[in-house]
Number of protein chains: 2
Amino acid sequence: MSTLVTLDAGDGLRERKKQQTRRAIHEAAYRLVDEHGLEGTTIDQICREAEVSSRTFFNYFPSKMAAALGIPEEPVDDEAAARFRAATGSLVDALCDMIVGGGQFAARQARLKGLVTRHPELIRTLSGMMTATRGRFIELATERASSAAEAELAVTLVLAAVSLTVHNGGDGQVPTAELLMSTIDSLERVRSAPLVDGRG
Amino acid sequence: MSTLVTLDAGDGLRERKKQQTRRAIHEAAYRLVDEHGLEGTTIDQICREAEVSSRTFFNYFPSKMAAALGIPEEPVDDEAAARFRAATGSLVDALCDMIVGGGQFAARQARLKGLVTRHPELIRTLSGMMTATRGRFIELATERASSAAEAELAVTLVLAAVSLTVHNGGDGQVPTAELLMSTIDSLERVRSAPLVDGRG
DNA sequence: TATAACATTGCATTGGCTGCAATAAACTAT
DNA sequence: ATAGTTTATTGCAGCCAATGCAATGTTATA
């Protein structure tokens, strides 16, 4: 018991070393991928830089991309989930807040944005990863939605907005819940946009 | 010159054999992936089944997933692009029509839907591939939109709806443009959905 | 029939990724 | 402090995906 508490709290030399290793791998991966791109970086390079064996690499991250972004085990941390459970207002607003306002995602937004603006190839991979977390978001959303279908709709809408801000994000601004909401408003407005003539 | 025309027209023994090889690889990949899942199928198995060398496989498809879905070189075929350029009405409607109404996508919808319903792991990969074609869609949309930003918004909205129908699609129905449009309508309605209390 | 074009293949190689078993370090309890 | 347990790290052996190159055989052209 006391062992578990100690580990969770982050005390202990062993735990500190673990965090240190994780951090070393992430920093090396971020730096190298930012400098040479994802394809231009091998896992062996990252390991050399971080001074760990390539076997150890996979004890911490499942892929290069995850290491570069420092993506954690759980896509939604407890604090963000708690805030979502206690939120008031509209479902979509609360989801926006949970995704960019707090949680692991927010802490990594700046790096994430920097990487994808400088290396657009990453977007494809990133999109696959976001899809993987989709399920977790829907799970949470279902707790506060009037139906499972509604939860799915809301999450899809918000993730679409996220992907837009990731694509557009040249301005270096870190996405906020407000930006996300206004993107969603734009998404709705475009529904009625008419066709215009081609450059004929 | 005449050589090129001949090849494009699809005449000639050489061209027929090529299509045959392509088809054999696709059929084998589809069958095996449907039976054993993506991870449970190796490219060598597919090649054995299709009676080609594994080197030949990569002359036709860049990945297992692409082979299983039979994804072609160009994500949008000429006919669908032409229809889009000639469309009238709203931008979003025209995009829906282009994506599911015709083109390579439509021809593969049934198989695609079958695969992902039976093997949800595929959704992640599929999402990455859809993102890859996103650029091409935006290119086309820009020709008929009043701004590049508007094109991006419209494509994002439609792709979100596509991913929803792919996720939900248990009913075996092939998505139509109408289904896509009604999904988009649902997306808009969910914007104002209120939060409900958790199971507390 | 000669020759140009090209589809197919084998081979070698690189890189991502995993399982297993050994080692060394950190923790626990006495 | 010591003995015993846990566990992070590592090396190794191996599978699979993917690419480049050069050789071979088949189809097209003239």
Side-chain angles (χ1 to χ4, degrees), chain A residues 1-25 28-29 32-33 36-68 71 73 121-122 124-125 128-129, chain B residues 1-25 28-29 32-33 36-68 71 73 121-122 124-125 128-129:
Chain A
M1 268 310 155
S2 66
T3 301
L4 282 178
V5 171
T6 303
L7 289 176
D8 285 343
D11 290 2
L13 177 54
R14 184 176 271 169
E15 185 62 16
R16 258 181 292 134
K17 277 195 171 177
K18 231 170 99 177
Q19 295 307 325
Q20 195 176 321
T21 302
R22 182 184 198 79
R23 186 179 174 77
I25 295 174
L32 287 171
V33 169
H36 305 115
L38 194 64
E39 301 303 301
T41 306
T42 70
I43 290 182
D44 281 345
Q45 286 178 304
I46 297 173
C47 294
R48 233 170 287 133
E49 182 100 358
E51 294 180 314
V52 295
S53 79
S54 80
R55 193 59 192 78
T56 297
F57 177 95
F58 290 105
N59 289 342
Y60 285 88
F61 298 101
S63 69
K64 245 189 294 185
M65 183 76 175
I71 287 182
E73 337 63 46
E121 339 90 59
L122 299 188
R124 181 179 178 159
T125 308
M129 298 181 104
Chain B
M1 269 309 152
S2 66
T3 301
L4 281 178
V5 171
T6 302
L7 288 177
D8 285 344
D11 289 1
L13 176 55
R14 185 176 272 168
E15 186 63 15
R16 258 180 292 134
K17 277 195 171 177
K18 233 171 98 177
Q19 294 308 326
Q20 194 177 322
T21 303
R22 183 183 197 80
R23 185 179 174 78
I25 294 174
L32 287 171
V33 169
H36 305 115
L38 194 64
E39 302 303 302
T41 307
T42 70
I43 290 181
D44 280 345
Q45 286 177 302
I46 297 173
C47 294
R48 231 170 291 131
E49 181 100 0
E51 294 180 312
V52 295
S53 79
S54 81
R55 192 60 192 78
T56 297
F57 178 95
F58 289 104
N59 289 343
Y60 283 89
F61 297 102
S63 69
K64 245 189 294 186
M65 183 76 174
I71 289 183
E73 337 65 47
E121 340 90 59
L122 299 188
R124 181 178 179 159
T125 308
M129 298 180 103

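What you see is a predicted model; the values in this text were computed from it and never measured. Below, read A as the first sequence line, B as the second, and so on, with proteins coming before strands; counting in each chain starts at 1.
Relative to the side chain of B/Thr56, the nucleotides C/dT9, C/dA26, C/dC6 differ in distance, and C/dT9 lies closest. The side chain of B/Thr21 has C/dT8 as its nearest neighbour among C/dT8, C/dA25, D/dT27.
Counting only residues at least two apart or in different chains, salt bridge (Lys or Arg N to Asp or Glu O under 4.0 Å) contacts with residues 51-64 of chain A are absent.
A straight line from CD of B/Glu51 to C1' of C/dA7 spans 17 Å, rounded to a whole angstrom. The separation between A/Gln45 atom CD and C/dT14 atom C1' is 13 Å, rounded to whole Å. Rounded to whole Å, atom P of D/dT7 lies 20 Å from atom CD of A/Gln20. Whole-Å rounding puts the A/Arg14 CZ to C/dT28 P distance at 8 Å. Atom CZ of B/Arg22 is separated from atom C1' of C/dA7 by 14 Å (rounded to the nearest Å). If you take CD of A/Glu15 and P of C/dC27, they are 10 Å apart, rounded to a whole angstrom.
Partners of A/Arg124 under the side-chain contact (heavy atoms from CB on, under 4.5 Å) rule, at least two apart in sequence or in another chain, are B/Met129, B/Ala132. By the side-chain contact (heavy atoms from CB on, under 4.5 Å) test, B/Ala24 pairs with B/Ala50, sequence neighbours left out. The side-chain hydrogen bond (donor to acceptor under 3.5 Å, both in side chains) search around B/Glu49 returns B/Arg31, not counting sequence neighbours. Scored by the side-chain hydrogen bond (donor to acceptor under 3.5 Å, both in side chains) test, A/Arg48 finds no partners at all (sequence neighbours excluded).
B/Phe61 places none of its side-chain heavy atoms less than 4.5 Å from the side chain of B/Ile71. Considering only heavy atoms from C-beta on, A/Gln20 stays 4.5 Å or farther from A/Arg23 through its side chain.
Applying the 4.0 Å criterion to OP1 and OP2 of C/dT9, one finds that B/Ser53 has a side-chain N or O inside that range. A sub-4.0 Å separation between OP1 or OP2 of C/dA7 and a side-chain N or O of B/Lys17 is absent. The phosphate of C/dA7 has neither OP1 nor OP2 within less than 4.0 Å of any side-chain N or O from B/Tyr60.
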Protein-nucleotides 16-19 of chain D N/O pairs under 3.5 Å:
{"from": "D/dA17", "atom 1": "OP1", "to": "B/Lys64", "atom 2": "NZ", "distance (Å)": "2.9"}
{"from": "D/dA17", "atom 1": "OP2", "to": "B/Ile43", "atom 2": "N", "distance (Å)": "3.2"}

